[in-house]
Amino acid sequence: MGVTHTQDEGWASSPVPIDSDRLGPRVRAASETLASPTTPATGVSRVPSWHRGGFVGAILMSIVGYAGFVAAYGVNVVYWDDWSWSQTLRRGTTTLVTLWLQHNEDRVFFPNIAAWVLVFTTHFNSFAFFWVSALCMCATLAVVIWALRSEVGRSPLLWLPVPFLVLTLAQWQTTLSAFEIASAMDILFVAGTLALLSRPRPTGRRIAGAGALGILASYSLLQGLTVWPIGLLMLLARGQSKKWAIWWTAIGLVVTGCFFVDFDFALAGAVPLHQLLTQWQEVVEGVLIAQGSVVPTITSGVTWMSGTAIAEVIGGVLFAGAAVVVAAWLREHRPSGPKAFCIGLIGVSIVFDLLLAGRIAGAGGVLSGTGSRYDTFAWPLLVGLYGYAVIWARDARRKEPLVRAGQVLVSLIAVAAIAVGTVVGIAQGQDAKSVRLASADVLANWSTAPADIAAAYLLPPAASSPAVYAQWRTAAEFLQQRPLSDFANPAQVKGLQELGIVPEGVPTRLLAIPSVIRAQVDATPTSRLAWRVLSAAYFENPAIEKVYGQTRSGVASILDWAVLSADGVTQQEILFYAWYPPANDALFFQPYVPLYRQWELATAAG
């Protein structure tokens, strides 16, 4: 921490810093005391207690809101990537080799270990994963505040957005997906590494701790490898020992080399360099959109902001701001401490965005980086940029309006990220809960679930691969035999099996059954299920409910609508719904088309 002196303000922040890293310990301690937000004569804090209380209140609000989000919208069901654990985490078959197996572009070794413990101590209850993930995110917030504590203590109210940015609801996939415990663990390890390395005058113990966290991060997700180049940048800050930079580089090379031993680049979706270069415009656009999606406008549902233009502009502003503050940090001779930590956060997001280039140039396209789970690695840039802007604006000369304007602009983006992220997160959480409730219904009835329904609600690749569908059925049977996940609650499973696979996976009232087909509807369990499916689709669709009443002719029209919908489904639509649920009601109608045709003719003739 530096101390400055001005003629008319006494000891205060100014553009003439004293390099405290070069001072002796007693002089440095005295200078920090003079620079602290206290009155030297009395030791009474200049910061009103309500300022500190307001910041603590923001922390508590963000934590309570995050926990409430989990409680309100979480559903206990094995979903999507969670199914990979059903193969690798069975008792008697789990080895270091299976834990080390590559998952897409990642090594999820340490998340696999955490999953192994949680699977067999909680019967694969998804909420156990959700709460551990939430705990990791709260710990990440604690690390961020700890690393910035000297600055937060000076002006607590200026740091109010930080808790809400770290615990943003825009990262709802990280929050509500068991497999994304890997993202929560990884960002905690990354933040912890940066917090240790950004402190001045590192010790051997601190470097060892940062190295351990770096290894944990590297073998949790691919983006964990960012700690090595960004950590090196921290160790090149002013006052840091160069010997630790050499050690850090050596450790990073070894860890990174081990990561890529027997690595399948095709499985990771890697593309040739020449393809990246020929598609550079698309890559640049995708990277800007990915970072700009820290304000999730594309998924907002608001027409005027749901295009890519606003996200590109926000991404461009954030990257430009990052370039400015990195240049400022270098011009200030790379100070350690909070500023270095902010630079580290910025660097992590930039490297992560660049790692998306292959996916953008490949099959993913420019929207590859807009997934909610990626927001967990987008908010560090915004937090780092906002934090540096707060510190810089405080220290800036009064005649530097551009610095103040930059702080205002970044603050507006931060506020937008919080506001839009909260609204979008809640809306997406509601949708996710609706989908996952249907997923639990499909899982309970796995033995009768067709491939297209299983794909839409449990494992997307099952729609296009009979082999994956067969593997899924084996995994589902394994869960039932243990019992794990939903099957650990026999009463719930029994109720869902009695209900059968219906849209939204919850009981609903039944359509009025015309007397001419009542006997046919009540004839068999299959016919009764067919009517429940039709009823669920009818009552969840206000437009159909408004057009067709529950009269005999109305029911005939409803049956005709069901038949036409089922007959019109294309393979392309099936694949689309597999990756973007919920599925169209037509997929639920398909097994019962013969019954619906028979009932339609009988109703119309009667």
Side-chain angles (χ1 to χ4, degrees), residues 70 73-90 94 98-119 122 124-134 136 171-187 219-224 264 267-269 355-356 359 363-364 368-377 428 432-433 435-436 438-440 442-443 446 454-465 467-469 471-476 478-479 484-486 575 577-581:
V70 172
Y73 301 120
V75 176
N76 178 31
V77 66
V78 180
Y79 183 76
W80 209 330
D81 285 329
D82 304 355
W83 286 99
S84 63
W85 287 328
S86 67
Q87 297 292 337
T88 60
L89 299 179
R90 298 183 186 184
T94 302
T98 59
L99 294 174
W100 179 255
L101 286 175
Q102 181 181 342
H103 180 85
N104 296 332
E105 70 272 21
D106 301 310
R107 298 285 189 190
V108 287
F109 181 74
F110 292 109
N112 277 344
I113 293 175
W116 189 89
V117 173
L118 291 175
V119 164
T122 70
F124 211 159
N125 190 308
S126 298
F127 276 97
F129 290 82
F130 301 160
W131 291 122
V132 171
S133 176
C136 289
Q171 57 190 351
W172 61 269
Q173 288 179 332
T174 298
T175 311
L176 300 178
S177 298
F179 191 84
E180 292 306 322
I181 190 177
S183 294
M185 291 173 63
D186 197 60
I187 195 64
Y219 301 145
S220 291
L221 287 177
L222 172 66
Q223 44 265 43
D264 186 346
L267 179 61
L355 289 174
L356 293 173
R359 184 168 295 183
S368 296
T370 59
S372 166
R373 62 190 180 279
Y374 297 142
D375 201 70
T376 304
F377 296 92
Q428 294 287 352
K433 182 174 184 177
V435 169
R436 307 292 169 80
S439 300
V442 175
L443 179 56
W446 67 268
Y457 289 97
L458 292 170
L459 188 61
S464 55
S465 172
V468 171
Y469 176 61
Q471 292 172 2
W472 168 78
R473 289 179 61 86
T474 300
F478 165 73
L479 294 181
L484 299 171
S485 189
D486 284 13
L575 293 176
Y577 293 128
W579 295 98
Y580 301 99

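If you're wondering where the values come from, they're calculated on a predicted model, not measured in any experiment.
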Peer 1: Could you tell me whether the side chain of R436 and the main chain of L176 form a donor-acceptor pair under 3.5 Å?
Peer 2: yes

Peer 1: What are the two closest heavy atoms between W446 and R473, and how far apart are they?
Peer 2: O-NH1, 3.3 Å

Peer 1: Quick one: list whatever passes salt bridge (Lys or Arg N to Asp or Glu O under 4.0 Å) with R359, sequence neighbours left out.
Peer 2: E105

Peer 1: So do the side chains of F109 and I113 get within less than 4.5 Å of each other, counting heavy atoms only?
Peer 2: yes

Peer 1: Do side-chain atoms of T376 reach the backbone of S183 as a donor and acceptor pair under 3.5 angstrom?
Peer 2: no

Peer 1: Answer whether the closest heavy-atom distance between the side chains of L458 and W80 falls below 4.5 Å.
Peer 2: no

Peer 1: Can you confirm if the aromatic rings of F179 and W85 lie within a centre distance of less than 6.0 Å?
Peer 2: yes

Peer 1: Can you tell me how far CG of L459 sits from CG of L443, rounded to the nearest 0.5 angstrom?
Peer 2: 11.5 Å

Peer 1: Could you tell me whether the side chain of Y79 reaches within less than 4.5 Å of the side chain of P581, counting heavy atoms only?
Peer 2: yes

Peer 1: Could I get the full list of side chain to side chain contact (heavy atoms under 4.5 Å, CB included) partners for A184, not counting sequence neighbours?
Peer 2: S133, C136, M137, T174

Peer 1: Roughly how far, to the nearest 0.5 Å, is OG of S177 from CZ of R373?
Peer 2: 8.5 Å

Peer 1: Could you grab the distance from atom CG of D82 to atom CZ of F124, nearest 0.5 Å is fine?
Peer 2: 5.5 Å

Peer 1: Determine, using ring centers only, whether W100 and Y219 are less than 6.0 Å apart.
Peer 2: yes

Peer 1: Just wondering, do V77 and V442 contact through their side chains at under 4.5 Å, heavy atoms?
Peer 2: no

Peer 1: Taking the side chain as C-beta and beyond, is there a heavy-atom pair between F130 and T175 under 4.5 Å?
Peer 2: no

Peer 1: How long is the straight-line distance from CZ of F478 back to CH2 of W472, given to the nearest 0.5 Å?
Peer 2: 15.5 Å

Peer 1: Taking all heavy atoms of A454 and all of Y469, pick out the closest pair and write down the distance.
Peer 2: CB-CE1, 4.2 Å

Peer 1: Between L575 and S464, is a side-chain contact (heavy atoms from CB on, under 4.5 Å) present by the stated rule, with each step listed?
Peer 2: CA-CA 7 Å; L575 293 176; S464 55; 3.7 Å; yes

Peer 1: Going from CZ on F110 to CE on M185, what distance comes out if it is rounded to the nearest 0.5 angstrom?
Peer 2: 8.0 Å

Peer 1: Any donor-acceptor pair under 3.5 Å linking the side chain of S465 with the backbone of A462?
Peer 2: no

Peer 1: Heavy atoms, side chains only, cut-off 4.5 Å: are V119 and F129 in contact?
Peer 2: yes

Peer 1: Suppose we screen for side chain to side chain contact (heavy atoms under 4.5 Å, CB included). Which residues come up paired with N125, at least two apart in sequence or across chains?
Peer 2: N76, T122, F127

Peer 1: Do D186 and F377 pass the side-chain contact (heavy atoms from CB on, under 4.5 Å) test, and can you show the C-alpha distance, the side-chain angles, and the key distance before you say yes or no?
Peer 2: CA-CA 10 Å; D186 197 60; F377 296 92; 3.5 Å; yes

Peer 1: Begin with the C-alpha distance, continue with both residues' side-chain angles, and end with the deciding distance and a verdict on side-chain contact (heavy atoms from CB on, under 4.5 Å) for L101 and R107.
Peer 2: CA-CA 7 Å; L101 286 175; R107 298 285 189 190; 6.0 Å; no

Peer 1: Are any side-chain N or O atoms of D106 and backbone N or O atoms of L221, one a donor and one an acceptor, separated by less than 3.5 Å?
Peer 2: no

Peer 1: What I want to check is whether the side chains of Q171 and S372 have a donor and an acceptor closer together than 3.5 Å.
Peer 2: no

Peer 1: Between CG of L484 and CG of L479, what distance do you get to the nearest 0.5 Å?
Peer 2: 5.5 Å

Peer 1: Please confirm whether the backbone N or O of P111 pairs with a side-chain atom of S220, one donor and one acceptor, at under 3.5 Å?
Peer 2: no

